[in-house]
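Remember, it's 1-based here, ligands and their atoms both numbered in the order they're listed. Residues take their numbers from the sequence shown, with the count starting at 1.
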Amino acid sequence: MDIMQGELAIGTKFHTSYYIVKGSGDGATVMITAGIHGNETASVSAAKQFVHSLQKGLLQLHKGTLIIVPLVNQQAYKKRIRGIPDLNRTFPRTAHDKPRHPLSAHLFRLADQYRPAWYIDMHEANGLSRLNPKVLGQSLLTDRRSPSVKTVRQIVKRINRSIERQATHFTVRLRELPGSGRTAAARLLQANAVTVETSWSLPHSIRVKYQKNILRQFLKRAGLMQ
Ligand SMILES: [Zn+2]
């Protein structure tokens with residue numbers, strides 16, 4: 001296993017680290033992003049801990065390539081705000097569209113360079129989706145026509161088995177969000193693109209645990225981990 005650290009948006013005030021982890025064998029490429037929104041702290045903690053575990057050898061990449069950007073929006077994270085403008089509305093909407101922010105431009109260029117089979121974007125949201133169809137807390141989102149729908153349903157089922165309180169179970173939401181990283185990766189790069197949303201109603205440590213479990217599930221199913 002080989003870990004390389006790079007700098008995204010180098011030379012700008014938005015610069016942030018990313019990591020490329022290569023397993024010993026050939027396999028799929030998975031890209032993980034967290035901290036697109038600066039107030040979604042459990043996603044950032046989970047992604048950072050994931051990188052740390054890989055560096056320490058506590059997690060092993062069996063094959064394939066993992067690209068991970070644990071904290072996309074440093075500026076928003078410093079203030080613990082969602083970010084102005086909302087970065088998740090600045091990604092290209094069509095093949096002829098351009099990103100509307102330097103960070104989404106750099107991030108999308110990285111994704112375009114590696115053409116990941118899976119693009120997992122980690123977020124947090126209000127409420128409990130199981131109790132209220134209008135909120136996104138505890139949900140996995142993908143586009144209706146995405147080939148990932150089956151895998152996403154399997155992962156939600158698997159994760160929910162380990163969650164005692166039904167109200168906090170994850171649900172699957174099928175929708176597009178033009179301008180988001182997920183929908184850009186799906187439409188323009190044909191990636192299996194998924195957004196993970198934990199709920200702010202739950203304790204931070206539990207949310208981090210869910211985020212890491214879900215990541216591991218995706219990496220297992222993509223063949224990167226055993
Ligand atoms: Zn978010």
Scan the side chains in residues 50-65 for donor-acceptor partners under 3.5 Å anywhere in the protein, sequence neighbours excluded, and list what turns up.
from	atom 1	to	atom 2	distance (Å)
Ser53	OG	Gln49	O	3.0
His62	ND1	Gln226	NE2	3.4

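Around the Zn ion (ligand 1), the protein atoms of type N, O or S that sit closer than 2.8 Å are His37 ND1, Glu40 OE1, Glu40 OE2, His123 ND1.
The structure places OG of Ser180 at 10.0 Å from CG of Asp86, a figure rounded to the nearest 0.5 Å.
Note on residues 159-172: no pairs pass salt bridge (charged side-chain N to carboxylate O under 4.0 Å, His left out), not counting sequence neighbours.
Every ring-ring contact (aromatic ring centres under 6.0 Å, His included) that Phe170 has, sequence neighbours left out, goes to Tyr210.
Proximity of a side-chain donor or acceptor of Glu40 to a complementary backbone N or O of Arg82 within less than 3.5 Å is not detected.
Using cut-offs of 30° and 60° on the angle between ring planes, the pair His101 and Phe14 is perpendicular.
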